[in-house]
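Take a look at the structure below.
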Amino acid sequence: MLDSKYLRDNLDAAEARLATRGQGAYLAAFRDLDSRRRELLGEAEGLKAEKNRVSAVIGQTKDKSQVAGEIVRMKEVSGRIKTLDDTLKEVEAELDLLLLTVPNLPHEEAPVGADESANREVKRWGTPAEFAFAAKPHWELGEALGILDFERAGKLAGARFALSFGAGARLERALIGFMLDLHSERHGYTEVLPPFMVNRATMTGTGQLPKFESDLFHLDDPDYFLIPTAEVPVTNIYRDEIIAAAQLPIRFTAYTPCFRKEAGSYGKDTRGLIRQHQFNKVELVKFVRPEESDLELASLLADAETVLQQLELPYRVVDLCTGDIGFSAARTFDIEVWLPGQATYREISSCSNFRDFQARRASIRFRREEGAKPEFVHTLNGSGLAVGRTLVAILENYQQADGSVLVPTVLRPYMGGLERITPRK
RNA sequence: GGAGAGGUGGCCGAGUCGGUCGAAGGCGCUCGCCUGCUAAGCGAGUGAACGGGGUCAACCCGUUCCGAGGGUUCGAAUCCCUCCCUCUCCGCCA
């Protein structure tokens, strides 16, 4: 959510900045709604002040017959206040909805461009392996090894679900443990295990609602949503709180399953684990002082990259352009892992600085010092990493000519010492 | 699911038959005084949002906030309704 006070004075600049996302006129109705709100508020508050003053006098008057006229007059004033308040409520609801549906201002250093073709590759790490045979996609490897079963998953739930067995299931668990240990033991994050279902206020705090409800799995009774990422519950941990400055920066890492409808992606990535309704992810979330958020994004990105480096998986880093950055983010770096089976880089992590956009929605503030005015923190998050896609990358990058798959060295302790995945009997 | 209790300021905790309550008191915290140090003691202060004014700031004024939303009333933390949450007991259950 953008700052109304800022918008009041910088509407054109804000609109121009938003236009770099690819569509403009987000704020067309702002000026009018905002001035109407202040007008109504001024009148209503003036009448309330009078009502309070007169009511106090009435209260002190023993003989109410002396103030009968005032009582009648205040009855009218109250009626007028009620009318004004009702109108005000409507205007504020419109204004809130407007502000809740305007995306974040892109960071001034983000590349400007309309779509992903304008994204800037900023780094490559590792060298894609040369195979002496035709590299297979992970779904073929996984099914041949008996560790992935998409057909039966379809029977159980439907398309875009997976079922894994044996070393496949264990590899998924190993990756979760490995990532959580790495981030909590070496990168200074506190592990947290949040609820996997949340309420509307929580979904609104991080920006999923009100605009993207159709992407979410929803439970009717009670009115809950399945989380699409741990970012949602973890960022909302401090909703409506004022954090002591000494606690900042706060860094959390969390494993959760993620649930996404993937509406509008029909026909894309229909095979394999790449695009699922349910997938596992280890997330990194930070709450920091505003002046630190750019540096904290760099270190968060580095923390996510470390996972791939330890797993010895080649990847590249892409600085997303203004047209490709998500709704709530100001700046985003994607990490894309090399997938030999598809001979392409695929997103495996997305690391973003949201600045005060989520903090303002969720009212997450901090106080620099005793007595100082509360300020909004900056929030950041990134995948560290998407576990299902990491498993995909391991299967495809570590595949052998005989169809077996080597287990990355750092994962072997998490796999009971297993060095190679061979067909399940 | 059944029965009961309760939700007040950073925390604990008062709020009488509705009236001058942003809210007694205590703790905590901040500043000052005092004290070899510490502790104790003394004094003062101590929430947020929105709007207006301003030497545009550390200032002033107004409004709102006593779980949330509605209602009654000139006036509600105090009365009524709905919802949410917490706790206790029973049942059930990982």
Side-chain angles (χ1 to χ4, degrees), chain A residues 1-10 30-100 193-205 209 218-225 233 236-248 250 257 356 358-377:
Chain A
M1 188 160 66
L2 304 180
D3 181 5
S4 314
K5 284 180 192 144
Y6 170 81
L7 292 178
R8 218 169 269 160
D9 299 328
N10 304 279
F30 176 80
R31 188 103 63 194
D32 180 52
L33 286 171
D34 182 59
S35 64
R36 275 179 67 203
R37 185 185 94 88
R38 282 187 291 166
E39 224 169 87
L40 289 164
L41 196 61
E43 191 180 348
E45 288 188 349
L47 290 175
K48 283 176 186 173
E50 188 189 1
K51 181 195 75 177
N52 290 342
R53 192 163 7 91
V54 175
S55 288
V57 172
I58 293 172
Q60 284 168 313
T61 307
K62 297 263 171 25
D63 180 3
K64 300 299 185 211
S65 67
Q66 290 179 0
V67 290
E70 295 293 67
I71 289 177
V72 171
R73 196 163 67 81
M74 283 308 105
K75 204 179 180 71
E76 285 164 13
V77 169
S78 282
R80 175 69 184 147
I81 289 171
K82 176 115 177 62
T83 308
L84 286 169
D85 275 348
D86 287 346
T87 312
L88 184 62
K89 214 172 282 180
E90 286 170 28
V91 171
E92 287 189 329
E94 270 187 73
L95 196 55
D96 287 347
L97 185 63
L98 173 73
L99 290 172
L100 286 173
L193 183 63
F196 300 162
M197 301 178 221
V198 299
N199 57 32
R200 277 176 191 276
T202 297
M203 279 295 179
T204 305
L209 292 182
H218 178 247
L219 281 68
D220 276 319
D221 185 20
D223 185 23
Y224 287 150
F225 293 89
N236 278 279
I237 287 173
Y238 290 111
R239 191 175 76 235
D240 297 322
E241 292 193 30
I242 299 174
I243 303 168
Q247 286 187 53
L248 299 177
I250 295 170
D356 63 4
Q358 293 180 325
R360 180 170 286 108
R361 289 179 159 243
S363 190
I364 305 168
R365 294 174 292 174
F366 77 106
R367 229 189 278 275
R368 285 187 191 274
E369 54 197 62
E370 196 81 28
K373 272 212 191 81
E375 296 174 50
F376 291 110
V377 298

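All values below were derived from every heavy atom in this structure, side-chain atoms included, with hydrogens, water molecules and symmetry-related copies excluded.
A distance of about 29 Å separates the P atoms of B:rC83 and B:rC93, rounded to the whole Å. Taking atom C1' in both B:rA14 and B:rG69, the straight-line distance is 27 Å, to the nearest Å. Straight-line distance between the P atoms of B:rG67 and B:rG6: roughly 14 Å, to the nearest whole Å. One P atom belongs to B:rG28, the other to B:rC81, and the distance between them is 41 Å to the nearest Å. Straight-line distance between the C1' atoms of B:rG15 and B:rG9: roughly 14 Å, to the nearest whole Å. To the nearest whole angstrom, the two P atoms, one in B:rC60 and one in B:rA5, are 46 Å apart. Nucleotides B:rA39 and B:rC31 place their P atoms 13 Å apart, quoted to the nearest Å. B:rA23 and B:rU16 are spaced 15 Å apart, taking the C1' atom of each and rounding to whole Å.
Within the nucleic acid shown, A:K62 has no heavy atom closer than 4.0 Å to any nucleic acid atom. Here A:E70 lies out of heavy-atom contact (under 4.0 Å) with every strand. No engagement by A:A56 is indicated, since no non-hydrogen atom pair under 4.0 Å with the nucleic acid exists. Among the protein residues, A:R37 comes within range of the sugar-phosphate backbone only, with heavy atoms under 4.0 Å from sugar or phosphate atoms but none that close to a base. Backbone-only engagement by A:R8 is indicated by non-hydrogen atom pairs under 4.0 Å involving sugar-phosphate atoms exclusively. Using a 4.0 Å heavy-atom distance criterion, A:I58 is classed as a base contact. Contact annotation for A:R53: no contact, since no heavy-atom pair falls under 4.0 Å across all strands.
Distance, A:Y224 OH to B:rC85 C1': 10 Å, rounded to whole Å. With rounding to whole Å, A:R36 atom CZ is found 21 Å from B:rC50 atom P. Taking atom CD on A:E39 and atom C1' on B:rC50, their separation rounds to 16 Å, with Å as the unit. If you take CZ of A:R73 and P of B:rG75, they are 13 Å apart, rounded to a whole angstrom. What separates CG of A:D9 from P of B:rC56 is a distance of 16 Å, to the nearest Å. Atom CG in A:L40 sits roughly 16 Å away from atom P in B:rU64 (whole-Å rounding). Here B:rA48 presents its C1' atom at 14 Å from CD of A:E241, a figure rounded to the nearest Å. Counting to the nearest Å, the P atom of B:rA48 and the CD1 atom of A:I364 are 18 Å from each other.
Counted within 6.0 Å of CZ on A:F196, heavy atoms from surrounding residues, nucleotides or ligands total more than 12; the atom is thus considered enclosed.
Counting heavy atoms from C-beta on, the side chains of A:R8 and A:R31 never come closer than 4.5 Å.
Just one residue in the list A:I81, A:T83, A:L41 forms a side chain to side chain contact (heavy atoms under 4.5 Å, CB included) with A:L88, and that residue is A:L41. Among A:R367, A:R368, A:R365, the one residue that satisfies the side-chain hydrogen bond (donor to acceptor under 3.5 Å, both in side chains) test with A:E375 is A:R368.
For B:rC84, neither phosphate oxygen OP1 nor OP2 lies less than 4.0 angstrom from any side-chain nitrogen or oxygen of A:N199. Contact between the side-chain N/O atoms of A:N52 and the OP1/OP2 oxygens of B:rG62 is not found at any separation under 4.0 Å. Contact annotation: A:K75 side-chain N/O to B:rG75 OP1/OP2 distance is not under 4.0 Å. At B:rC74, none of the side-chain N or O atoms of A:K51 fall inside 4.0 Å of OP1 or OP2 (strictly under the cut-off).
Of the candidates B:rA49, B:rU20, B:rG75, B:rA49 carries the atom nearest the A:R365 side chain, counting heavy atoms from C-beta on. Listed nucleotides B:rA49, B:rU64, B:rC74 differ in distance to A:P374; the shortest reach to its side chain belongs to B:rA49. Nearest nucleotide to the side chain of A:K5, out of B:rC74, B:rC50, B:rA49: B:rC50. Across B:rG71, B:rG51, B:rC74, the shortest atom-to-atom separation from the side chain of A:R38 is found for B:rG51.
A:N10 places a side-chain N or O within 3.5 Å of a backbone atom of A:Y6 that can act as its donor or acceptor partner. In this structure a side-chain-to-backbone donor-acceptor pair under 3.5 Å is present from A:S35 to A:D32.
In terms of polar N and O atoms assigned as donor or acceptor, the side chain of A:E45 comes within less than 3.5 Å of the base of B:rG62 in a complementary pairing.
Using modelled atom types and a 3.5 Å distance limit, the side chains of A:R239 and A:T202 yield a donor-acceptor pair.
Ion pairing of A:R37 with A:D96 is absent here, as no side-chain N (NZ or NE/NH1/NH2) approaches a carboxylate O to less than 4.0 Å. Using a 4.0 Å cut-off between a side-chain N of Lys or Arg and a carboxylate O of Asp or Glu, A:K82 and A:D86 qualify as a salt bridge. The existence of a salt bridge linking A:E70 and A:R73 is confirmed by a sub-4.0 Å separation between a basic side-chain nitrogen and an acidic carboxylate oxygen.
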Paired and unpaired positions of RNA chain B as dot-bracket, Watson-Crick or G-U wobble under 3.5 Å, | denoting a partner strand: ((((((((.[[[..)...(.....]]]((((((.......))))))(((((((.....))))))).[[[[[..)....]]]]])))))))....
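Closest-nucleotide positions on RNA chain B for A:S78 and A:K48 were compared, and the one nearer the 5' end corresponds to A:K48. Take the nearest nucleotide of RNA chain B for A:K373 and for A:A49: the residue whose nucleotide is more 5' is A:K373.
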